Structure formats: structure tokens, C-alpha cells
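Structure record follows, encoded as C-alpha cells.
In what follows, chains carry the letters A, B, and so on, assigned in the order in which the sequence lines appear, proteins first and then strands, with residues in each chain numbered from 1. What you see below is based on every heavy atom in this structure, not just the backbone, and it leaves out hydrogens, waters and symmetry mates. Remember, predicted model here, so these are calculated numbers, not experimental data.
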Amino acid sequence: MEVDLDSTLGCGQAHRWIRRDGSWEGVLGDSVVTLTQTADGFECEGCSEDRILSYMRADDDLDTIYWECAEADPLVARLIDGCWGLRILRQDHWECIATYMLAVNANVKRIGAMVESVCREFGDDLGGRHSFPTPEQIVAGKDRICVCKLGYRQDRFVRFAQAVADGSFDPDALEGMGYEGCVAELQSIEGIGPKVADCIALFSYGHLDAFPIDARIGHVLKEHYGIEGSYRRLSEFARSRFGRYCGYSQEFLYHSESILGSQVQAGGLQPNSTS
DNA sequence: CATCAACCTGATCA
DNA sequence: ATGATCAGGTTGA
């Protein structure tokens with residue numbers, strides 16, 4: 001299967017992958033998984049092939065998706081070469097919601113610190129790494145939550161774990177819903193607004209037509225498309241402009257600064273007028 | 001419907 | 001070294 005591990009696991013969509021010794025180490029369920037890039041795909045150690053292929057959304061045909069993204073927008077078309085092999089992942093629902101609830105108002109580095117802290121404190125020791133805790137594990141140890149330095153996210157994080165543990169919120173119930181219904185349900189959770197809901201819809205529920213707009217994407221939209229304003233306004237613009245696979249386009253745009261920068265350095269392109 | 005302060009931590013700036 | 005400032009989404013006024 002076609003994949004570039006560096007861009008897929010390092011792009012910020014998942015927070016528990018660590019690059020070490022030329023491979024990527026992460027945790028899926030109760031398994032420590034090691035992935036190594038090869039010429040025609042990757043090698044996987046630590047979990048079943050079915051599991052990793054599902055996680056990697058092996059059914060996504062990158063040629064088709066990238067081509068549609070490129071056709072919808074010339075800037076996206078230019079960016080694709082710089083992240084060829086990037087795949088949107090299919091992450092566990094509970095883990096993804098809980099993680100992105102922590103991601104609110106935090107940068108990538110801090111998100112990783114909070115998530116690892118939660119895993120270390122509540123998850124099972126897998127020998128070096130820890131599993132992402134179940135809702136029940138968090139509820140059982142909630143008195144220790146303060147050591148994880150979640151700030152004002154802490155109480156709502158515990159409340160959400162309680163809601164999942166007692167069955168009043170069922171992440172699996174959002175399976176099969178359309179994009180609009182899925183994000184509406186997610187936004188009914190305290191601490192989850194439109195941006196985080198879009199991230200979860202994209203990275204866990206497979207809504208490739210979700211387009212999360214964070215500060216960085218907002219900047220890109222302003223610089224390259226001259227548009228700014230409310231989340232609603234930007235979202236409607238992006239989803240109609242970039243098409244049904246706009247979640248992929250969002251990833252390309254997210255890294256546009258570094259991609260265009262390296263292309264300019266390589267002499268491949270002129271600097272654009274907005275830079 | 002738009003604006004805005006408050007929320008918490010860590011990084012960066014004087 | 002210490003304090004000020006800022007970045008990062010969501011909520012509710």
C-alpha cells in the first residue's frame with residue numbers, strides 16, 4: 001500500500017507516534033507498534049495486518065483523491081508533490097475524541113505532553129509505552145487527574161470519560177452518520193466546538209469532506225485566498241472550493257509554508273507574491 | 001449574527 | 001533571573 005510514514009504520522013493528526021531509529025513507534029489498543037518505511041510501502045511489527053491497514057485507511061485510493069484535490073485548486077495541486085503518500089488515518093473514536101478535547105487551545109507539543117501524561121497515569125504499562133486509558137480507567141483514577149496538567153480541560157475531560165463509561169454518550173453511535181450530523185453530535189459535548197469536531201469527524205469517522213480550520217489554516221486562507229471571518233464562513237468557502245476530499249486538501253495547505261519554502265530553495269518555483 | 005473576555009500552560013521576549 | 005506577553009479553541013455574556 002502506498003504511504004509515506006513521515007508525512008502521515010508526523011503531520012499532527014495523531015499524537016502518539018515517535019520517530020526513533022528510522023522507524024515510527026506508536027500504540028494501537030494494547031499493542032506497541034513499529035512501522036518501517038520501505039520502497040513500496042511499509043513493514044509493520046506488533047499488530048495484525050488487518051488492523052494497521054484499517055488504521056491507514058488502505059481503501060483510500062490516493063491517485064483518485066489527490067487528482068480530485070488538484071483539479072479543484074491550483075495551489076493544492078502544487079503542494080501535493082511535497083507530501084505525496086500522506087494518508088488520513090482512521091483513529092479509535094473514544095481515543096480521538098478524548099485527545100482532541102485536550103487539543104483545545106493548545107499547540108502540537110503541548111497536546112502530545114498532555115496525552116502522554118494521561119496515558120502514563122491511567123493507561124496499562126506496555127513496557128516503555130502505555131495504552132490510551134479506557135473511560136473506566138480515567139473515572140477510577142480521577143483524583144489523580146491533576147498531575148496531568150490539563151488546565152481547564154481537566155474537569156470536562158473527566159466528565160466526558162464518565163459519560164462514555166456510564167453509556168450516556170456512545171462514540172460508536174456516530175458511525176454511519178453524515179458529516180453534518182456527526183459534527184453536530186460532537187459539538188454537543190462540552191469543550192468541543194466546530195474546529196475540534198471537524199478534526200474528529202476527519203481523523204476518526206472518515207468524513208473526508210471535513211475541513212478543520214485552526215489558526216494556521218486561517219492564516220493560509222487569508223494569505224492565499226483573501227478570505228477571513230467566522231468559522232462558518234471559512235468552512236463554507238473551503239468545503240465548496242476544495243471539494244469532497246477537502247480534508248486531504250486541508251493537510252496539504254496546512255504544510256504549505258514548509259513545502260513552498262523548500263521548493264523555492266530548490267529553485268523549483270518563484271516565491272509567491274504574498275510572501 | 002458579531003464581538004470579546006476568560007480560561008491554563010508553556011514558550012519566548014524584555 | 002524574573003516578570004510580561006503571547007499562542008492556541010470554546011464558551012457565554
Using whole Å, report how far [atom1] of [X] lies from [atom2] of [N].
X	N	atom1	atom2	value
M114(A)	dG8(C)	CE	P	14 Å
D155(A)	dT10(C)	CG	P	18 Å
Y231(A)	dT10(C)	OH	P	7 Å
H219(A)	dA7(C)	NE2	P	12 Å
N105(A)	dC8(B)	CG	C1'	8 Å
L150(A)	dG10(B)	CG	C1'	14 Å
N107(A)	dC8(B)	CG	C1'	12 Å
Y152(A)	dC8(B)	OH	P	8 Å

| Salt-bridge criterion met for R120(A) and D125(A) (N-O under 4.0 Å) | no
Between E116(A) and R110(A), does any side-chain N to carboxylate O distance fall below 4.0 Å?
no
Could you check whether I192(A) gets within reach of a base, just the sugar-phosphate, or nothing at all, counting any heavy atom under 4.0 Å? sugar-phosphate
* With heavy atoms under 4.0 Å as the rule, sort I189(A) into base, sugar-phosphate or nothing. => sugar-phosphate
Could you check whether any side-chain N or O of R87(A) sits under 3.5 Å from a backbone N or O of V3(A), counting only pairs where one atom can act as donor and the other as acceptor?
no
Quick note, R110(A) side chain, CB onward, closest among dG9(C), dT9(B), dA2(B) is dT9(B)
Side-chain atoms of K195(A) come closest, of dC7(B), dT10(C), dG10(B), to dT10(C)
Side chains of D6(A) and W24(A), donor plus acceptor under 3.5 Å: yes
key: Side-chain donor-acceptor contact under 3.5 Å, Y231(A) with D198(A)   = yes
Taking every heavy atom of A14(A) against every heavy atom of Y55(A), the minimum-distance pair comes out as CB-OH, 3.8 Å
For DNA chain B, the dot-bracket notation using Watson-Crick and G-U wobble pairs below 3.5 Å, [ ] for pseudoknot-type crossings and | for other-strand pairs, is ..||||||||||||
Fill in: N or O in side chain of K109(A) less than 4.0 angstrom from dA11(B) OP1/OP2
yes
### Message
Check this one for me: any side-chain N or O of K149(A) less than 4.0 Å away from OP1 or OP2 of dC8(B)?
### Response
no
**OP:** Could you tell me whether R241(A) sits above the aromatic face of Y225(A), with NZ or CZ closer than 6.0 angstrom to the six-membered ring centre and within 45 degrees of the axis?
**Re:** no
